[in-house]
Protein chains: 2
Amino acid sequence: MKTPERTETPEKTTPVGTRERIVRATSRLLQRQGYEGTGIKQISREAEATLGSVYHFFPGGKQELAAEAIRHGDEEFAVLLRAGLGSSADIGEAVVTCTGMLARELRASDWQDGCPISSTALETVGRAPAIEQAVAAAFANWRAIVTEHLVAAGIGAEDARELAGTVVSTLEGAELAAQIARSEEPLLVTGKHLARLLATYR
Amino acid sequence: MKTPERTETPEKTTPVGTRERIVRATSRLLQRQGYEGTGIKQISREAEATLGSVYHFFPGGKQELAAEAIRHGDEEFAVLLRAGLGSSADIGEAVVTCTGMLARELRASDWQDGCPISSTALETVGRAPAIEQAVAAAFANWRAIVTEHLVAAGIGAEDARELAGTVVSTLEGAELAAQIARSEEPLLVTGKHLARLLATYR
DNA sequence: CCTCCGCTAGAACGAACGCTCTATCCAGAA
DNA sequence: TTCTGGATAGAGCGTTCGTTCTAGCGGAGG
């Protein structure tokens with residue numbers, strides 16, 4: 001059988017295939033420990049898969065696996081972003097909602113689960129092309145989502161493009177600060193300031 | 001002799017002591033490769049010191065060495081921050097100057113040398129107390145510097161405190177975005193937006 | 001029935017890891 | 001001169017790293 005699950009009814013608690021389990025485990029471990037701090041054997045253990053399975057699905061080794069995990073984290077964060085930004089007609093309020101959601105999730109994980117890709121992104125700058133490309137695509141994806149909502153809120157196209165970049169990178173920075181301070185405050189305050197900045201446009 | 005250099009005339013090109021060379025090399029390597037990605041032997045090689053010397057000066061091992069390197073990076077970034085923020089009476093212009101300086105240095109290092117501590121900070125969250133503490137102290141130091149300049153620019157104490165946190169974390173996020181995009185734009189645009197935000201206070 | 005093959009399983013490889021340990025060097029005190 | 005102790009030097013410890021490789025499993029097609 002090619003892929004025993006997922007082809008039929010995606011309802012109920014779908015039994016997760018081995019490949020999917022490996023990607024999810026890798027994503028969470030990279031988020032918490034970074035690229036160099038995460039071993040393939042730890043991943044296979046955590047995913048309840050064997051080393052053979054890991055290299056079967058990802059013959060490109062650790063780098064290919066990490067790139068796939070980055071794409072997983074990309075979509076994960078995009079879902080949160082869309083949910084938060086779609087929560088209110090007022091774009092300022094919507095951004096505040098986003099920071100609130102991030103803060104809540106961060107606290108719930110005991111300040112462990114920050115941005116799913118920033119740690120890996122930072123330590124592979126200029127030395128792991130496949131990963132760098134996945135990271136750049138994730139940022140571009142997030143910027144596009146934010147841009148869309150800003151334009152919908154009546155902000156001009158060029159202003160929206162620039163602001164979207166700032167919003168995304170500011171969320172990254174605030175999440176880092178919140179992790180370090182073990183406090184929701186940096187995220188919440190940043191949300192307030194972003195809303196204030198957006199209010200000066202239109 | 002206790003410390004052969006630095007006790008006398010700090011003029012001319014001071015011959016750098018072994019301990020100092022080790023700290024500098026560690027700081028640069030941590031900045032570029034993160035904590036787990038940097039080996040003690042690589043540090044000793046890069047610092048032109050031997051393994052024996054490293055453990056002589058840092059009996060606490062890798063963690064103690066990293067904490068010291070974080071403190072080095074702390075002061076390094078603080079110097080840039082003070083220079084940038086002191087460059088203009090207009091606090092908005094001063095922030096723009098900061099982002100410009102960061103952008104120039106980042107480009108000059110071929111997008112390698114971002115924030116000297118963020119990579120290490122992210123991968124040691126909740127698992128290396130000595131490092132976490134040094135990181136938290138660095139952020140507090142930077143916030144204090146920014147707060148001071150904001151207050152001097154006529155912004156109320158509480159607003160200044162909150163804004164300082166946002167300014168610092170936003171610079172972090174923008175630097176990350178600039179490294180990933182291999183472009184000065186995220187930093188420069190963020191500078192513009194920060195100035196605009198600050199202009200809404202007084 | 002047997003064959004095929006996607007997938008699972010884990011032993012084994014050389015290299016690198018952080019760290020310990022002993023030995024040596026050498027400027028200044030006695 | 002001998003002694004002393006900070007500093008240098010690097011071999012070697014046990015462990016873990018990423019990766020390779022061969023062997024076995026079990027359902028589908030002939």
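Fair warning: this is a prediction, and the values are worked out from it, not measured in the lab. Residue numbers begin at 1 in each chain, while the letters A, B, ... track the order of the sequences.
- Comparing A/Val54 and B/Tyr35 against DNA chain C, the residue whose closest nucleotide sits nearer the 5' end is A/Val54.
- Among B/Glu148, B/Glu76, B/Glu75, the single residue meeting the salt bridge (Lys or Arg N to Asp or Glu O under 4.0 Å) criterion with B/Arg82 is B/Glu75.
- Rounded to whole Å, atom P of D/dA9 lies 11 Å from atom CD of B/Glu48.
- Side-chain atoms of A/Thr166 and B/His193 include a donor-acceptor pair closer than 3.5 Å.
- Here the side chain of A/Leu51 is nearest to one of D/dG18, C/dG10, C/dC19, namely C/dG10.
- A/Gly52 comes within 4.0 angstrom of a base, heavy atoms only.
- One atom, CZ of A/Arg45, and another, C1' of D/dT16, lie 10 Å apart when rounded to the nearest Å.
- In this structure, the CD1 atom of B/Ile22 is 10 Å from the C1' atom of D/dA7, given to the nearest Å.
- Between A/Phe139 and B/Leu176 there is a side-chain heavy-atom pair separated by less than 4.5 Å.
- The interatomic distance linking B/Phe58 (CZ) with C/dT20 (P) rounds to 16 Å, in whole Å.
- Between the CD atom of B/Glu20 and the P atom of D/dA7 there is a distance of 14 Å, rounded to whole Å.
- Look at CD on A/Gln42: it is 18 Å from P on D/dT15, rounded to the nearest Å.
- When side chains are defined from C-beta on, A/Arg19 counts as touching A/Phe58, because their heavy atoms get closer than 4.5 Å.
- A/Lys41 has its NZ atom 10 Å from the P atom of D/dT16, to the nearest Å.
- Residue B/Ser53 places at least one side-chain N or O under 4.0 Å from the OP1 or OP2 atom of D/dT8.
- Summarising the geometry, the separation between OH on B/Tyr55 and C1' on D/dA11 is reported as 15 Å, rounded to the nearest angstrom.
- Distance from the side chain of A/His56 is smallest to C/dT8 among D/dT19, C/dT8, C/dC19.
- Considering only side-chain N and O atoms, B/Thr18 lies nowhere under 4.0 angstrom from the phosphate OP1 or OP2 of D/dA7.
- Mapping A/Pro59 and A/Gly37 onto DNA chain D by nearest heavy atom places A/Gly37 at the nucleotide closer to the 5' end.
- Side chain of A/Ser87 to backbone of A/Gly84: a donor-acceptor contact under 3.5 angstrom is found.
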